[in-house]
Amino acid sequence: MTTAPLHAVHDDELLDFLKSLGILADVQAGRTHCAFCNAPVTLRNLNAVFPQSGAVRVACAQPSCVKALMQHLSEG
Amino acid sequence: MDEILKYVLPGLGSFALVAVILLFFPEKIEKWSAILWKLLSMLGGVFRAAHKRYVKHDLQGRVNDFVRRLRKQAPEVIGTKLRIEWVDPLTPRESFVQGGEVVLRLRREDPQDHNFVHASYLFVSSMLLRKPKRYLAPSQREAIDLYVCTKLLESEKPAVVGVFLDEYLHPKTEEAKSKVAVYVDDLAIIDTGGLFFPVLIQELGYLGEKVFGKRRDDRIIVEVNGLLEFLKPIARRKVGDENELNFDGEYCRFGIVIVGKPKTLLTSVEPYVGYIRKVLVRNGAETIYILARAENEFRVQEICRKFEAEYDCSRRVNFRRLLQYRDRKELALQHLVVLRKRGVSIIHPSEEKRGTVSTQERANPPFQRTGRRSARR
């Protein structure tokens, strides 16, 4: 049976990852917004990072946004 | 020599046991290693990095163990195992944007086990029934994902089921008329009858093989509604009830044969063989599900041998199912055999059927003529 990768980032490397993507300062300052509910996303509620239309988007941990993320994945 | 046997053999026995588990149940090894990594990570200091390994192996071990057990009942359901792939924290922005992958955050401080809930839901959503789900209604898709994820959590991490239900299932099902709520209720009914994974999910897998690559068609949504309406009364049946057991849809064509009337079995299996040949085979059933008590397994094998030329024995499964009698309920060990017609065409000749089936019949498929509902999206 094949394996399906689920790409993930652990909290221990999250800051380095966000810095490499160029969004760390914005996330820490609450200037980034959830792609699905538009709520401010900070390090506390950040749940996922994904590319969309050439930009780096973030999703928060609200259950409705987690489901929207699943929908986004299934349509992708 | 006696001392060698006394000291070497037990060692070999343990080694052999571990080797067998590693070869045949690697998920168990992964679960055990996750426990060790968790204990190490609690020590802190130089062992802080052990938490990352714990999270990875805990997720992989538990989810893949569930997948392994699920595939025994419906092999086509999920064709892959979960593998957590840590992203390179120094991934350049351009490379990330071009790569197109969603990256899930997995937390260090996670008292409610959201890591497991989110990763499991993501995996089930993206991997379960990949082919047919593209063609289902959104509410059908969501209900199946929610229900299967609940089953995964119930079996692998019961402590987090409450979190998942509160955050994902109940908000959708609080409204009684919610389509997702109705579908989830239907799935639960079918599951209590032991027909959810071995029959419904299996048939959706077969359906996916037929329709994948074709354009979306509302008839597939109607067919799935019909499947649910067909299976519910069978799941609820009391022992001895007569039910419609043949599903003759546009995409799914199968029959369920319940083997077990004591008077019949005492004499011969020929009544069952005759029924299968004269009704199911003649109607072109692509799959025959033969369900019996486990103690009648040899009788079921007798029946299957009669159809070896036309049907391949796809699998045999034993599972526990709640049987409802008039005066009591009994948890009984059941034996299910799935016979799949040899050479079933993946490209279903629905184009041919469209040419011969009238508009009225198409709007009112055969399985609806017994008064079953159909139109729910």
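- Using a 4.5 Å cut-off between heavy atoms, D12(A) touches chain B through its side chain atoms alone.
- Smallest separation of non-hydrogen atoms from R105(B) and D11(A): NE-OD1, 2.7 Å.
- Using a 4.5 Å cut-off between heavy atoms, H114(B) does not touch chain A at all.
- P51(A) approaches G100(B) most closely through the heavy-atom pair CG-CA, 3.4 Å.
- Taking a 6.0 Å sphere around CZ of R315(B), one finds it holds more than 12 heavy atoms contributed by other residues, nucleotides or ligands.
- Neither the backbone nor the side chain of L15(A) comes within less than 4.5 Å of any heavy atom of chain B.
- In terms of non-hydrogen atom pairs under 4.5 Å with chain A, the most contact-rich of L82(B), L104(B), L90(B) is L104(B).
- Side chain of K67(A) to main chain of Y168(B): a donor-acceptor pair is present (N/O by atom type, distance under 3.5 Å, no hydrogens or angles).
- Residue R71(B) touches chain A through its side chain alone, counting heavy-atom pairs closer than 4.5 Å.
- In this structure, the separation between CZ on R107(B) and CG on L46(A) is 7.5 Å, given to the nearest 0.5 Å.
- Interatomic distance, CH2 of W86(B) versus NE2 of H7(A), reported as 12.0 Å (0.5 Å rounding).
- Between E13(A) and K52(B), the closest side-chain pair of non-hydrogen atoms falls below 4.5 Å.
- Highest contact tally toward chain A, considering only T91(B), N64(B), I78(B), is held by T91(B) [criterion: heavy-atom pairs under 4.5 Å].
- When side chains are defined from C-beta on, R93(B) counts as touching I23(A), because their heavy atoms get closer than 4.5 Å.
- Heavy atoms closer than 4.5 Å to chain B are found nowhere in L18(A), neither backbone nor side chain.
- Heavy atoms closer than 4.5 Å to chain A are found nowhere in V117(B), neither backbone nor side chain.
- The only option from V103(B), D88(B), L106(B) that meets the side-chain contact (heavy atoms from CB on, under 4.5 Å) definition with V9(A) turns out to be V103(B).
- Between S125(B) and M70(A), the shortest heavy-atom distance links the atoms OG-CB, 3.3 Å.
- When heavy atoms are compared at a cutoff of 4.5 Å, L21(A) approaches chain B by way of both its backbone and its side chain.
- Nearest heavy atoms, V66(A) versus H118(B): CG2-NE2, 3.8 Å.
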